[in-house]
Peer 1: 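Before I ask anything, here is the structure I am working with.
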Amino acid sequence: MNYRQVMRIPPLRKVTAPLAGVGLVLAGCAAGENAAPTVAGPCSIIANGTPAPKTSAAPPTSRNISTNPEVATGYRTDMTAVHTHTYAVVTANPLATAAACEVLSKGGTAADALVTAQAVLGLVEPQSSGIGGGGFLLYYDAAGGSVQAYDGREVAPKAATENYLRWISDADRTAPKPDARASGRSIGVPGILRLLQAVHTEHGKTAWRDLFTPAVTMADDGFAISARLSTAIAAAAPQLKVDPNASAYFLNSDGGPKSSGTRVTNPAYAKTLGVIASDPQSFYTGDIARDIVAAAADTGGGRTPSLMTAQDMSGYTAKKREPLCTPYRGKQICGMPPPSSGGIAVAATLGMLEHFPMGDYKPTDVDLNGGKPTVMGVHLISEAERLAYADRDRYVADTDFVPLPGGSPDTLLNSDYLAARAALISEQHSMGTAKPGEFGPPTRPAPPTPEHGTSQISIVDEQGNAAALTTTVESEFGSFHMVDGFILNNQLTDFAAEPLGPDGAPVPNRVEPGKRPRSTMAPTLVFDLSGSGQSGSGGPSRGPLYAAAGSPGGAVIIEFVVKTLVGMIDWGLDPQQAVSAVDFGAANSPKTNVGGEHPAIDISDNGDHDPLVLGLRKLGHQVDLAEQSSGLSAIVRDGTGGQSGIGSGWVGGADPRREGLVMGDTR
């Protein structure tokens with residue numbers, strides 16, 4: 001008897017047609033072809049579209065696999081933009097892209113396609129996102145012309161104290177075991193499912209139940225482990241081995257990692273999705289919720305337990321917040337407000353860059369891979385980011401607990417303040433480490449947490465609605481706890497473990513009961529600005545949708561998103577060139593990142609023969625050539641399309657550093 005009979009849940013309708021073309025795609029990938037085969041149907045892949053993965057010119061070493069598994073599958077060179085007619089979707093995995101595209105092809109909305117994409121990603125890319133995690137969403141409702149921000153960030157349990165990540169208890173002041181991340185203490189109450197339910201309730205068209213069919217089918221019938229997933233499993237095998245469920249699923253009977261191409265099924269995940277499809281509330285109040293609480297509290301392998309309760313689960317709410325929209329060179333950039341710092345930092349960086357002629361610093365030798373960035377282009381962007389990160393580190397946290405300076409983002413983003421910040425940028429030398437603006441007592445920022453457990457979904461539907469969702473379990477495989485077929489997050493390690501700064505002042509991003517940890521996720525929607533202001537405001541009004549974009553990448557997400565927006569808006573790159581281009585930028589430290597995985601960068605002799613690296617060093621930059629783990633996606637309007645942007649066509653790009661794919665009704 002199968003689980004549906006046991007639970008008296010009618011079987012979800014099994015549909016194989018949406019994924020038929022993906023088999024051809026994956027076959028092409030396995031064969032190492034440079035261009036994906038043509039696939040018939042409304043969601044098609046054309047020969048000059050996104051190519052299959054290629055081996056990196058610099059094969060991954062044991063060092064970079066262990067420290068950054070995302071780069072282990074290489075950089076796919078010479079990817080070309082995909083042109084679609086009325087709808088498009090980009091995810092980090094071709095199976096998820098195909099399933100979401102099928103939803104769009106049947107008239108589903110961007111909200112519908114999000115649900116399907118996330119359900120499939122949780123199966124085929126569990127190291128990065130899933131229903132055990134959280135996320136942030138920017139959604140554009142074309143009919144109403146409104147932008148909405150959905151906060152599905154995880155929250156700390158009610159029993160969490162400011163020392164929750166520092167020690168086991170006031171009576172036992174030893175660190176959580178085996179460490180904060182792999183213990184139960186890192187697990188926040190998952191929020192992504194409530195976010196998806198909220199946006200589907202408001203903007204969905206396809207029945208909720210039907211949106212889980214592709215993932216349930218795939219979980220029951222099996223799928224082949226991708227090269228990226230297999231490399232991630234190998235890197236995390238020792239930690240996965242501690243958890244019985246994770247060990248049984250990801251590892252072989254001898255304890256070794258399952259390899260690329262291994263076909264696996266996940267009946268536990270199929271069962272979970274079957275329950276959620278019938279009753280999404282059951283995730284927070286039913287058996288699944290109780291299983292999550294029990295798994296987080298498991299002390300197996302000597303792990304310190306979480307203090308999460310059933311009440312923490314049932315009390316979780318996804319929040320709608322006011323999107324953060326600011327102008328930049330005739331566009332309106334809309335991002336996520338706190339508790340994500342991404343929207344503020346991206347807006348601040350662009351606000352400073354508007355004082356410089358960025359169009360004069362376009363990349364040279366522009367090719368399909370985005371060309372060679374100029375020294376001054378990289379320098380100015382990196383310096384602006386240093387200043388933005390300085391303010392972000394000091395002042396931004398969950399505003400339900402810690403207000404921004406002046407009580408609103410405007411204090412950090414008003415034009416006079418950003419003009420003064422831009423004046424601090426010298427074209428002759430790097431500032432190294434920037435100082436934040438003075439709005440109050442100093443606090444100590446938390447050190448950045450390495451993060452490779454995040455994914456990006458960008459969608460535009462045929463009605464002109466658009467979605468940019470950054471979704472995450474935080475670090476790769478989250479907390480390494482697996483329950484009911486999915487991974488639980490380690491999102492609480494985004495809090496500052498130390499609650500007080502050097503002067504004894506409370507750190508804004510400290511742990512507090514029911515609080516959401518600060519994030520750097522920066523899902524972004526971009527609009528044209530046109531005409532005069534509405535309601536007599538006198539300023540330009542929001543015009544048609546221009547782009548949807550975003551990226552995973554932890555603390556450096558801001559850098560990835562900024563280089564892509566500048567690439568498209570200032571430098572005239574198409575979305576594929578912009579996301580393929582060299583990843584570069586700086587958080588608030590002397591180091592400036594330049595992605596050494598890119599073919600345009602000569603990393604031999606530590607970059608001593610690369611003109612960009614040498615030019616930056618002359619300006620005082622300490623250049624870090626480590627491979628970058630962006631997972632950018634971007635969809636840009638193609639043509640005028642009238643004021644609605646509908647019917648104008650779309651152009652999409654997927655990051656060559658991962659295995660993502662663009663699909664739509666190609667033309």
Side-chain angles (χ1 to χ4, degrees), residues 132-134 151 153-191 239 242-243 289 292-317 338-341 393 396-402 443-451 453 472-475 477-481 483 487-502 504-520 554-555:
D151 171 1
R153 185 67 159 167
E154 300 88 335
V155 302
K158 296 295 185 186
T161 68
E162 63 181 13
N163 295 309
Y164 190 64
L165 300 175
R166 295 177 71 197
W167 52 60
I168 293 174
S169 68
D170 287 340
D172 180 4
R173 296 194 174 193
T174 58
K177 297 177 180 60
D179 54 35
R181 174 195 168 178
S183 74
R185 294 297 173 88
S186 69
I187 302 171
V189 179
Q239 293 79 22
V242 175
D243 186 271
I292 290 172
V293 171
D298 181 26
T299 58
R303 295 181 294 189
T304 300
S306 167
L307 299 181
M308 186 190 303
T309 66
Q311 289 70 36
D312 290 321
M313 287 292 298
S314 63
Y316 181 87
T317 58
S340 178
S341 64
D393 290 344
V396 181
D398 184 346
T399 47
D400 292 341
F401 289 76
V402 182
T443 57
R444 185 175 71 178
T449 302
E451 172 269 294
T472 182
V473 290
E474 172 48 5
S475 298
F477 293 108
S479 63
F480 307 112
H481 291 61
V483 58
I487 289 289
L488 293 177
N489 68 84
N490 68 302
Q491 211 64 253
L492 301 190
T493 55
D494 269 357
F495 282 119
E498 296 284 343
L500 302 178
V507 174
N509 192 39
R510 67 191 182 278
V511 183
E512 295 183 77
K515 190 177 183 179
R516 301 175 188 225
R518 183 177 64 200
S519 169
T520 320

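No hydrogens, no waters, no symmetry mates; every other heavy atom, side chains included, goes into these values.
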Peer 1: Using every non-hydrogen atom in the two residues, find where D151 and P339 come nearest and quote the distance to one decimal.
Peer 2: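 What the structure gives for the nearest pair is OD2-CD, 3.2 Å.
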Peer 1: Residues two or more places apart in sequence or in another chain: which of them pass salt bridge (charged side-chain N to carboxylate O under 4.0 Å, His left out) with R181?
Peer 2: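 Not a single residue meets the salt bridge (charged side-chain N to carboxylate O under 4.0 Å, His left out) criterion with R181.
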Peer 1: For Q491 and T472, run side chain to side chain contact (heavy atoms under 4.5 Å, CB included): C-alpha distance rounded to whole Å, both residues' side-chain angles, the deciding distance at 0.1 Å, then the answer.
Peer 2: CA-CA 8 Å; Q491 211 64 253; T472 182; 3.3 Å; yes
Peer 1: For a side-chain hydrogen bond (donor to acceptor under 3.5 Å, both in side chains) check, start with the C-alpha distance between T161 and N163, then their side-chain angles and the critical distance, and finish with the verdict.
Peer 2: CA-CA 5 Å; T161 68; N163 295 309; 5.0 Å; no
Peer 1: Between Y164 and S306, does a side chain to side chain contact (heavy atoms under 4.5 Å, CB included) hold up when you go through it step by step?
Peer 2: CA-CA 9 Å; Y164 190 64; S306 167; 3.5 Å; yes
Peer 1: Return the OG1 to CG distance between T304 and L165, rounded to the nearest 0.5 Å.
Peer 2: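 Result: 11.0 Å between the selected atoms.
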Peer 1: Once rounded to the nearest 0.5 Å, what's the spacing between atom CZ of F480 and atom CD1 of I487?
Peer 2: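 It is 8.5 Å, given to the nearest 0.5 Å.
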Peer 1: Output yes when a side-chain donor or acceptor of S341 lies under 3.5 Å from a complementary backbone atom of S519, and no otherwise.
Peer 2: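 At least one qualifying donor-acceptor pair exists.
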Peer 1: Using the salt bridge (charged side-chain N to carboxylate O under 4.0 Å, His left out) criterion, which residues pair with D400? Sequence neighbours excluded.
Peer 2: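 Partners of D400 under the salt bridge (charged side-chain N to carboxylate O under 4.0 Å, His left out) test: K319, R321.
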Peer 1: When rounded to the nearest 0.5 angstrom, what distance separates OG in S479 from CG in D243?
Peer 2: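 Rounded to the nearest 0.5 Å, the OG-CG separation comes out at 8.0 Å.
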Peer 1: For E512, what residues pass the side chain to side chain donor-acceptor pair (under 3.5 Å) criterion, not counting sequence neighbours?
Peer 2: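 Here the qualifying residues are K515.
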Peer 1: If you compare all heavy atoms of F495 against all heavy atoms of A156, which two are closest, and at what distance to 0.1 Å?
Peer 2: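 Distance-wise, the nearest heavy atoms are CE1-CB, 4.0 Å.
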Peer 1: So which heavy atom on A555 is nearest to which on T520, and how close?
Peer 2: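 The pair with the smallest heavy-atom distance is O-CG2, 3.7 Å.
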Peer 1: Using side-chain heavy atoms (C-beta onward) and a distance below 4.5 Å, is V507 in contact with E162?
Peer 2: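 They are not in contact (no side-chain heavy atoms under 4.5 Å apart), so the answer is no.
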Peer 1: What residue among R518, R153, R510 forms salt bridge (charged side-chain N to carboxylate O under 4.0 Å, His left out) with D494?
Peer 2: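 Going through the options one by one, the only one that passes is R153.
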Peer 1: Would a distance-only check, ignoring hydrogens and angles, find a side-chain to backbone donor-acceptor pair under 3.5 Å from R185 to R166?
Peer 2: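 No.
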Peer 1: Quick one: closest heavy-atom pair of P338 and T399, and the distance?
Peer 2: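 Closest approach of P338 to T399, heavy atoms only: CB-CG2, 3.7 Å.
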Peer 1: Check whether any side-chain heavy atom of P157 sits under 4.5 Å from a side-chain heavy atom of L492, and report yes or no.
Peer 2: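 A side-chain contact under 4.5 Å exists here.
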Peer 1: Look up atom CG in D298 and atom NE2 in H481, then write down how far apart they are to the nearest 0.5 Å.
Peer 2: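 Here the interatomic distance stands at 6.5 Å.
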Peer 1: Please step through side chain to side chain contact (heavy atoms under 4.5 Å, CB included) for the pair V189 and E154, ending with a clear verdict.
Peer 2: CA-CA 5 Å; V189 179; E154 300 88 335; 5.6 Å; no
Peer 1: Show the nearest heavy-atom pair for residues A180 and S186, with the distance to one decimal.
Peer 2: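 Nearest pair, atom of A180 first, then S186: O-CB, 3.3 Å.
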Peer 1: Quick check: closest heavy atoms across G133 and N489, and the distance to 0.1 Å?
Peer 2: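 Smallest heavy-atom distance, with atoms named: CA-CB, 4.1 Å.
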